[in-house]
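The block underneath contains the structure these notes are about, expressed in structure tokens.
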There are 2 protein chains.
Amino acid sequence: MRLSNFTDYGLRMLMLLAADPERGTSSAELASTLALSRNHLAKIIQHLSQAGMVETKRGGNGGLRLAKPPQQVRLGALVALLEQDRGLVACFADPSANGCTLSGQCRLKARLRAGEAAFLAELDRSTLADIALPLQPTASDASQALPSTHALPSAQVESAGP
Amino acid sequence: MRLSNFTDYGLRMLMLLAADPERGTSSAELASTLALSRNHLAKIIQHLSQAGMVETKRGGNGGLRLAKPPQQVRLGALVALLEQDRGLVACFADPSANGCTLSGQCRLKARLRAGEAAFLAELDRSTLADIALPLQPTASDASQALPSTHALPSAQVESAGP
DNA sequence: TATGAATTGGTATTTTCAATGCCTATTCAT
DNA sequence: ATGAATAGGCATTGAAAATACCAATTCATA
């Protein structure tokens with residue numbers, strides 16, 4: 001189970017924007033902070049802009065900022081937006097060209113959808129304001145670990161550095 | 001958000017095995033039913049066998065079958081087993097070679113883990129027995145649709161075909 | 001007890017597709 | 001006009017999927 005890097009970068013960029021919702025931040029500054037090429041980030045911005053999630057302004061003193069207050073942006077909706085057409089399994093993403101020989105009597109799909117809904121609902125408990133991150137971090141707080149029942153690979157809690 | 005095809009095929013194969021837990025079914029028959037090369041399926045079998053999920057028997061009248069009653073196999077545990085080391089985002093799967101510039105003060109990761117746990121927990125509400133599917137289907141039941149709150153791509157309910 | 005057929009197990013190769021990076025054109029503000 | 005930003009196209013890279021091939025094992029039977 002994996003989110004695309006597209007989504008990953010998009011979320012991280014929004015974390016930065018959420019910390020400074022008023023100012024127009026340039027895509028170059030964001031790309032630099034995320035260690036990512038500006039051109040690549042531009043594609044993500046484009047997607048979020050078309051969806052009405054961020055507002056962009058061209059020209060001098062331009063840049064982008066959130067279209068809504070970060071308190072009103074729920075993470076589940078955000079992930080659903082960024083993941084767009086990547087279904088959980090192949091027969092979700094592309095029902096037409098689907099070679100699944102079990103189609104029509106598959107009782108697994110409903111369960112997978114319910115699981116996906118649970119995933120998004122859990123994310124919806126937080127908003128962008130909860131994960132905002134200033135461009136120049138204060139190195140005060142780290143991620144609080146929420147336990148996972150199963151053994152999916154979890155990154156160890158990284159140290160804040162020396 | 002996507003499961004690997006490896007997981008997808010593994011789940012579908014287990015659906016077939018669960019419908020006939022006693023008999024030893026050959027991998028060739030399963031591969032044929034799933035429209036998949038036997039060699040590719042063998043890798044999945046091998047993984048599940050090493051994890052103690054299926055028992056294999058070589059030679060004439062060999063084949064494979066579930067190691068436990070299907071009622072005792074929860075879907076969340078199964079997905080966690082099959083997805084092995086594919087983390088939800090890159091910094092989960094490979095914390096060492098992680099180029100994320102926000103490491104150490106990222107409040108997103110904890111939310112993603114909580115969402116992942118919710119996903120698996122929802123799947124754990126069902127067992128393999130709930131999704132068992134005979135090799136020669138009776139065409140009686142289809143997947144009951146559980147609604148999804150968000151707009152992730154959902155496959156439409158496929159018709160049983162003419 | 002040999003022998004052969006059927007089956008799993010393991011390794012290497014090809015293919016496919018997502019992800020990335022680079023380049024150019026266009027638009028807007030000053 | 002000029003500078004700063006978006007917008008889109010195209011080539012490259014990389015990882016995962018799928019396939020093919022060979023080796024090892026086991027059972028049934030003569």
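Just so it is clear, the values below take in all heavy atoms, side chains as well, and ignore hydrogens, waters and symmetry mates.
- There is a side-chain donor-acceptor pair under 3.5 Å between B/R111 and A/S126.
- Side chain of B/T56, nearest nucleotide from D/dG8, D/dT6, C/dT8: C/dT8.
- As rounded to whole Å, 11 Å separates atom C1' of C/dA19 from atom CZ of A/F6.
- Of the side-chain N and O atoms in A/N5, none sit less than 4.0 angstrom from OP1 or OP2 of C/dA18.
- Every side chain to side chain donor-acceptor pair (under 3.5 Å) that B/T7 has, sequence neighbours left out, goes to B/S4, B/E83.
- Toward the 5' end of DNA chain D, the nearer of the two residues B/S4 and B/R58, judged by each one's closest nucleotide, is B/S4.
- In this structure, the CD1 atom of A/I44 is 13 Å from the P atom of D/dT6, given to the nearest Å.
- The phosphate of C/dA19 has OP1 or OP2 within less than 4.0 Å of a side-chain N or O from A/R86.
- When rounded to the nearest whole Å, the span between CG of A/N61 and P of C/dT30 equals 7 Å.
- Comparing B/G62 and A/L3 by the nucleotide of DNA chain C whose heavy atom lies nearest to each, the residue mapping closer to the 5' end is B/G62.
- Atom CG of A/L64 is separated from atom P of D/dA5 by 10 Å (rounded to the nearest Å).
- Comment: B/R23 engages B/E29 in a salt bridge, judged by a side-chain N to carboxylate O separation of less than 4.0 angstrom.
- Nearest nucleotide to the A/Q50 side chain, out of D/dT19, D/dC27, D/dG8: D/dG8.
- Nearest approach of A/D124 to A/A77, heavy atoms of both residues: OD1-N, 3.2 Å.
- B/Y9 places its OH atom 17 Å from the P atom of D/dA16, with the value rounded to the nearest Å.
- The shortest non-hydrogen separation linking A/K43 to A/F6 is O-CZ, 4.2 Å.
- Rounded to an integer number of Å, the gap from B/N39 CG to C/dT7 C1' is 12 Å.
- For the pair A/L41 CG and D/dA7 P, the interatomic distance rounds to 12 Å; values are reported in whole Å.
- B/R38 comes within 4.0 angstrom of a nucleotide base, judged by non-hydrogen atoms across all strands.
- For the pair B/H40 and D/dT19, the criterion of a side-chain N or O lying under 4.0 Å from OP1 or OP2 is not met.
- The base of D/dT19 sits with one of its N or O atoms less than 3.5 Å from a complementary donor or acceptor on the side chain of B/K43.
- Between A/S26 and D/dA4, a side-chain N or O to OP1/OP2 separation shorter than 4.0 Å is absent.
- When the P atom of D/dT6 is taken as reference, atom CD of A/E29 falls 12 Å away, rounded to whole Å.
- In this structure, of D/dG8, C/dT8, C/dT27, it is D/dG8 that holds the atom nearest to the side chain of A/Q46.
- Of the side-chain N and O atoms in A/S27, one or more sit less than 4.0 angstrom from OP1 or OP2 of D/dT6.
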